[in-house]
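Heads up, the thing below is written out as structure tokens.
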Amino acid sequence: MVQRLVELARCPECGSPHVVRDEDMGEFVCNECGLVIREDMLNRSPEWRAFTLEEERAKRRTGPPTDYARYDKGLPTTMWITHDAFGQPLSSKTRHQMWRLRRWQIRSGIYGKSRNLLKAMNMIQRLSEKLHIPPSVKKTAAIFYRRALDKDLVRGRSIASVATAALYAACRLTETPRNLAEIAEASLRDKKEIASGYRLLVRRLRIKMPIHDPLHYLTKIAEKLRIPGDVLGLAIKILNEAKKERITIGKDPRGVAAAVLYIACQLNEKEVTQQRIAETVNITEVTIRNRKKELMRKLNI
DNA sequence: AAGACGAAAGTGGTTGA
DNA sequence: TCAACAACTTTCGTCTT
């Protein structure tokens, strides 16, 4: 099936000129931000062409080409996509994903929520591509969204915000390092909106989020700044002490990790500035200083 | 000149009434 | 739902190396 793409005016959301008309899906989609501009556009033209009467008779099927009242608007067939928006053939991996999405769509199609789900899946798909989120995490997000839909949590909220929140929750659960700011920015939605959606999902779906261990960040920073193993070893020792003294609870694990590593570097006379550590984990030097002060005091260093 | 330190004011999230 | 609260950030002046 050939996709016909027609350039439109600028996207009302992000101002991007890359707004594309996707006739097969019956949608206008912004290639920059993934905004679906007119999702209920109806393609009334026949999906086939005939040049002779015989041809027309041969190609015509029963009923009108598309029917808006049908639950799926013929979507199970239109989801058979073999080329991307630029006319390039899809990779086998993406084709496989599309195939799964299609099969899944056919299965759920008889239910009233299918359209909602399809839109959400599109949203999650676009966001995942934009943020380079691995397929396994994306799958988790999809499952979260489905469960949210089952529990009627989407009612009264926008599909986009819940879908984005589901993706964020999936990232948190799988410890995929994407923060709220990045995801909110990619979805072009308010951080608050995503955050409240996230909390709703965690609460109502009873998702058990892993507690972020400073150790996780410790090794990460050490690797990035090429901290030698013995210094890292010392840092881990200090961290374990801190855990015993219960200094780490309720604090930003990144701050604790950063401070512990900084102390270890100083004790080993390894020159690393607070600033360098701070920027690798996206916190401020002040936080490192505060944590450091507390650690030094309570651990008698 | 760069890095460290800390005070003060502001922000966003959590908690408990 | 709202106010209080702790943690964290931003900003900025000062001190040290």
Side-chain angles (χ1 to χ4, degrees), chain A residues 144 148 152-153 155-158 160-162 164-218 220-222 224-228 231 234-235 238-239 241-301:
Chain A
F144 282 161
D152 241 4
L153 302 181
R155 189 178 305 229
R157 276 168 255 270
S158 74
S161 70
V162 180
T164 309
L167 192 64
Y168 177 57
C171 286
R172 286 284 291 261
L173 185 74
T174 56
E175 298 187 16
T176 308
R178 303 287 185 283
N179 61 33
L180 181 60
E182 286 176 87
I183 293 178
E185 200 195 323
S187 73
L188 296 162
R189 306 224 140 234
D190 198 31
K191 248 165 72 177
K192 269 187 189 170
E193 204 181 326
I194 307 305
S196 76
Y198 164 75
R199 263 174 297 167
L200 180 88
L201 288 181
V202 171
R203 201 172 57 241
R204 297 291 303 275
L205 302 182
R206 303 190 180 282
I207 304 166
K208 285 261 180 297
M209 284 299 167
I211 303 138
H212 274 165
D213 194 335
L215 188 64
H216 184 243
Y217 292 100
L218 200 55
K220 220 183 211 169
I221 308 167
K224 265 198 176 165
L225 297 182
R226 301 180 198 285
I227 305 289
V231 181
L234 177 62
I238 298 171
L239 178 61
E241 283 298 308
K243 276 182 186 168
K244 263 189 218 154
E245 297 292 321
R246 311 211 162 267
I247 305 171
T248 55
I249 47 171
K251 309 283 197 298
D252 185 340
R254 293 172 305 168
V256 177
V260 161
L261 196 66
Y262 182 68
I263 293 170
C265 284
Q266 282 199 323
L267 290 177
N268 279 29
E269 284 169 12
K270 173 104 176 77
E271 295 284 329
V272 176
T273 64
Q274 293 180 355
Q275 199 192 344
R276 287 237 294 156
I277 298 179
E279 65 191 20
T280 52
V281 273
N282 268 317
I283 56 167
T284 61
E285 298 146 71
V286 184
T287 303
I288 296 182
R289 289 200 283 272
N290 289 337
R291 290 289 75 75
K292 180 194 153 199
K293 212 169 71 180
E294 194 185 0
L295 285 164
M296 302 269 269
R297 186 161 46 87
K298 291 190 176 167
L299 296 179
N300 300 316
I301 298 173

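The figures that follow rest on heavy atoms only: side chains count, while hydrogens, waters and symmetry mates do not. Every chain is numbered from 1, with letters handed out A, B, ... down the list of sequences.
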Between [atom2] on [N] and [atom1] on [X], what's the gap in Å once rounded to a whole number?
X	N	atom1	atom2	result
A:Ile263	B:dC5	CD1	C1'	15 Å
A:Lys251	C:dC8	NZ	C1'	12 Å
A:Ile277	B:dA2	CD1	P	19 Å
A:Met296	B:dA4	CE	C1'	12 Å
A:Arg276	B:dA2	CZ	C1'	14 Å
A:Lys293	C:dA7	NZ	P	13 Å
A:Glu294	B:dG6	CD	P	14 Å
A:Ile249	B:dT15	CD1	P	12 Å

Contact class for [X] (heavy atom, under 4.0 Å): base, sugar-phosphate, or nothing?
X	result
A:Tyr198	nothing
A:Val256	nothing
A:Thr273	sugar-phosphate
A:Gly255	nothing

A:Arg297/A:Glu294 salt bridge by N-O under 4.0 Å criterion: no

(Q) So if I take every side-chain heavy atom of A:Arg289 and compare against B:dC5, C:dC8, C:dT10, which nucleotide ends up nearest? (A)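 Output: B:dC5.
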
Handout entry: Nearest-nucleotide pick for A:Asp252, side chain only, options being B:dA4, C:dC8, B:dG6
Key =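 For the A:Asp252 side chain, the nearest candidate turns out to be C:dC8.
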
*Determine whether A:Val231 and A:Leu234 make a side-chain contact, defined as any pair of heavy atoms from C-beta on separated by less than 4.5 Å.*
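SC-SC contact between A:Val231 and A:Leu234 ruled out.
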
A:Ile238 and A:Leu299, any side-chain heavy atoms less than 4.5 Å apart: yes

C:dA6 -> Watson-Crick or G-U wobble partner, both distances under 3.5 Å, gives none

The side-chain contact (heavy atoms from CB on, under 4.5 Å) partners of A:Ala169 (sequence neighbours excluded) come to A:Phe144, A:Tyr198, A:Met209

Taken in chain and number order and not counting sequence neighbours, the residues that satisfy side-chain contact (heavy atoms from CB on, under 4.5 Å) with A:Thr273 are A:Gln275, A:Arg276

*Within the structure, does a side-chain N or O atom of A:Lys292 lie under 4.0 Å from either OP1 or OP2 of B:dC5?*
yes

* Counting only side-chain N and O atoms of A:Gln274, is one of them less than 4.0 Å from OP1 or OP2 of B:dC5? -> yes

